[in-house]
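Written below as structure tokens is the structure these notes are about.
All values reported here derive from a predicted model rather than from experimental measurement. Numbering of residues begins at 1 and proceeds along the displayed sequence. Note that these values count all heavy atoms, side chains included, but never hydrogens, waters or copies made by symmetry.
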Amino acid sequence: MEKIKKSDLVHFLGIGGCGMSAIAKIMLAKGYKVSGSDVKESVNTIRLRDLGAKVYIGHNKDHLRYVDVVSVSTAIWDNNPEMIAAKELNLPIIKRAETLSWLMDQYEVKIAVSGTHGKTTTTGMFATLLDQCKLNPTFSVGGDVNGFNTNAQSGDGRYFVTEADESDGSILFLNPNMLVVTNIEEDHLEYLGDLAGIEKLFWQVIEKLPAKATLVINQDNLSCKKLISRVKSEKLDIKMITYGTTREADYFMEDIKLDRYTGSALVSHGDKQLGRLELSIPGAHNLENALSVIALGEELGISFSQAQAALQSFLGTKRRFQLIGEEKGITVIDDFAHHPSEIKATLDAAKNGFKSRVICVFQPHRYTRTMFLAKEFAAAFHDADVAIITDIYAAGESPIRGVSGRSIFNEMKNGTKTYYVPKKELVSNKALEILKEGDIFLTLGAGDIHTIAKEILMRLKEQTEEAKELS
């Protein structure tokens, strides 16, 4: 793509999205002129306006009157009035990933964090590590990092770290010289077809790495293992570092301990024991994410002790095992988990960390994902004592006949007591019938189910106040 000039006005269609807003924030910090539009006001649109962007709510062709370049989110369809106007005006139209790639290419060390799960948390961990080591990174994350209270930062160092999205193949636009692959599993099958198609995409990403690039990849994941073998057999001119929970990996962890909101493990590199990794966020999956950060950190000259200190200070990202509050002895937590493996990992963290009864509400995200993975979703709730399934959050998709939250409910055969409550508005009533002191209550999903966590907490507090008034 052509270089964007400082005199250009860059207009972002879908500017409120996590990925688009992150790019816009970085460009504003670098002195570029930015405008954009989105269908609704959000924290991101408000922040961008405060930073100097001209942000419109709603899409209208008049918004492009003084625009020089248009950057487009994958959520924008061709019939969008601003897309139509951009084409009529012959404006350069560039995809979100192309804009991200153009920014990233201006840096010496370009780190892309990829994988089906764990990208946001792992990218946030890398940003925290580089920042605490005074390396002044620029970063773009798919969610707010709690320690920064933002999803992007423009630093003056030589490091750019970003979350790399495989869902629509846009990861291929990026040109990292350091790549992390956290795991590879079935997801976004409406675009990628099947697991073989996903593995093919990740191989394309690895194959296009420049000579002497570094690949950090999860040895525990079966699809990653296939890629590890292929890298070795084809003798790619890259440095490959593996990590996992077996001694087969270059970096491995043992003696994993989980306790409520924390986790720890003993970390080794080959025959050398590095020390104990301690996190302030829960779950074995997050320990594994942190292990990839330690591995790449050492490659960058960052010691285990430095990495351990930074990772222990990392407080997670928004909507990842986020404590909403505690009331009447009930702990209310919200999590973004919207894939079977993510649900398993989150419920495992809750069950093994808290040793309590786990009550969860899951809002399926997208008709296509529900259609392809209904059986896998049903099998993911083993660690829940009670599960409530709602109807689907469409995320812009059209309904698919015969596909609903009931598709998952009908497959539930693992012994977990399950309820199907299609209307989200009725979930709180059902949950409050079930909850009792000592329970962990989890809302799971990438849609708007997080509002139920807040509603439950509010209603529990109302019950406490009513009890005080009666006593």
Side-chain angles (χ1 to χ4, degrees), residues 1 3-60 62-76 80 82 86 91-107 110 120 123-124 126-128 130-132 134-163 165 315-319:
M1 60 172 274
K3 182 179 178 181
I4 299 172
K5 302 185 293 292
K6 286 281 179 75
S7 58
D8 289 339
L9 173 59
V10 184
H11 185 78
F12 290 82
L13 270 70
I15 197 168
C18 286
M20 292 292 273
S21 63
I23 297 169
K25 287 173 188 174
I26 293 169
M27 291 191 69
L28 283 165
K30 290 182 174 297
Y32 288 88
K33 295 190 291 182
V34 168
S35 68
S37 59
D38 215 311
V39 293
K40 62 182 179 181
E41 194 80 90
S42 66
V43 171
N44 285 330
T45 57
I46 293 168
R47 286 177 179 171
L48 286 165
R49 201 177 283 115
D50 289 345
L51 291 171
K54 178 67 175 177
V55 179
Y56 305 96
I57 303 304
H59 297 296
N60 189 301
D62 292 341
H63 298 161
L64 274 68
R65 189 171 298 169
Y66 304 107
V67 168
D68 299 293
V69 180
V70 176
S71 184
V72 186
S73 161
T74 52
I76 300 298
N80 181 285
E82 293 184 22
L91 293 173
I93 301 173
I94 53 180
K95 295 181 179 179
R96 179 195 66 82
E98 291 179 285
T99 316
L100 177 62
S101 180
W102 169 76
L103 272 176
M104 193 175 186
D105 285 346
Q106 298 175 34
Y107 291 78
K110 297 172 282 188
T120 298
T123 309
F126 272 114
T128 300
L130 296 172
D131 186 74
Q132 293 210 2
K134 309 299 182 186
L135 296 173
N136 301 315
T138 297
F139 65 80
S140 169
V141 188
D144 279 7
V145 183
N146 289 330
F148 297 96
N149 199 32
T150 184
N151 60 341
Q153 173 179 284
S154 177
D156 57 8
R158 60 194 186 102
Y159 299 87
F160 192 112
V161 57
T162 187
E163 182 171 335
D165 183 16
L315 299 176
T317 56
K318 293 288 192 296
R319 295 215 60 210

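Under the 30°/60° scheme for interplanar angles, the aromatic rings of Y32 and W102 are found to stand perpendicular.
Taking the side chain as every heavy atom from C-beta outward, N149 and K318 approach each other to under 4.5 Å. At least one side-chain heavy atom of F148 sits less than 4.5 Å from a side-chain heavy atom of D131. A 4.5 Å side-chain heavy-atom check between T138 and Q106 finds every atom pair outside the cut-off. V39 places a side-chain heavy atom less than 4.5 Å from the side chain of H59. Within the 4.5 Å cutoff, no side-chain heavy atoms of D38 are placed close to those of V55. Residues M20 and S71 have side chains in contact (heavy-atom distance under 4.5 Å, counting atoms from C-beta outward).
With hydrogens and angles ignored, the 3.5 Å screen pairs no side-chain donor or acceptor of N151 with any backbone N or O of G142. Not one N or O on the side chain of E82 forms a donor-acceptor pair closer than 3.5 Å with the backbone of L64. A distance-only check finds no donor-acceptor pair linking the side chain of N44 to the backbone of S21 [under 3.5 Å]. In this structure, N146 contributes its side chain and G316 its backbone to a donor-acceptor pair below 3.5 Å. Side-chain atoms of T128 come within 3.5 Å of backbone N or O of G124 as a donor-acceptor pair.
In terms of heavy atoms, S35 sits closest to H11 at OG-ND1, 2.7 Å. The two residues T123 and T162 have their closest heavy-atom pair at CG2-C, 3.8 Å. In terms of heavy atoms, Y107 sits closest to S154 at OH-OG, 4.4 Å. Among all heavy-atom pairs drawn from G16 and T45, the shortest one is CA-CG2, 3.9 Å. The nearest pair of heavy atoms linking L91 to D68 is CD2-O, 3.9 Å. Pairing each heavy atom of P137 with each of A127, the nearest pair is CG-O, 3.9 Å.
Note that the CG atom of N80 and the CG atom of N60 stand 10.0 Å from one another [nearest 0.5 Å]. Distance check, rounded to the nearest 0.5 Å: CZ of R65 to CG of L9 gives 13.0 Å. In this structure, R319 CZ and T120 OG1 are separated by 11.5 Å, a value rounded to the nearest 0.5 Å. Interatomic distance, M104 CE to I23 CD1, rounded to the nearest 0.5 Å: 11.5 Å. Summarising the geometry, atom NZ belonging to K33 is positioned 13.0 Å from atom CD1 belonging to I4; distances are rounded to the nearest 0.5 Å.
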Please lay out, stage by stage, how S140 and K25 fare under the test side chain to side chain contact (heavy atoms under 4.5 Å, CB included). CA-CA 9 Å; S140 169; K25 287 173 188 174; over 6 Å; no
Evaluate the side chain to side chain contact (heavy atoms under 4.5 Å, CB included) criterion for residues Y56 and D62: first the C-alpha distance (whole Å), next the side-chain angles of each, then the deciding distance (0.1 Å), finally the verdict. CA-CA 11 Å; Y56 305 96; D62 292 341; over 6 Å; no
Run the numbers on V69 and T99 for side chain to side chain contact (heavy atoms under 4.5 Å, CB included), then give the verdict. CA-CA 11 Å; V69 180; T99 316; over 6 Å; no
Trace of the side chain to side chain contact (heavy atoms under 4.5 Å, CB included) decision for K30 with L103: CA-CA 10 Å; K30 290 182 174 297; L103 272 176; 4.2 Å; yes
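Residue-environment remark: NZ (K6) exceeds the threshold of 12 foreign heavy atoms within 6.0 Å.
Each of I76, T74, L13, D165 was compared with R96 under the side chain to side chain contact (heavy atoms under 4.5 Å, CB included) criterion, and only D165 meets it.
For D144, the salt bridge (charged side-chain N to carboxylate O under 4.0 Å, His left out) criterion is met by R47, not counting sequence neighbours.
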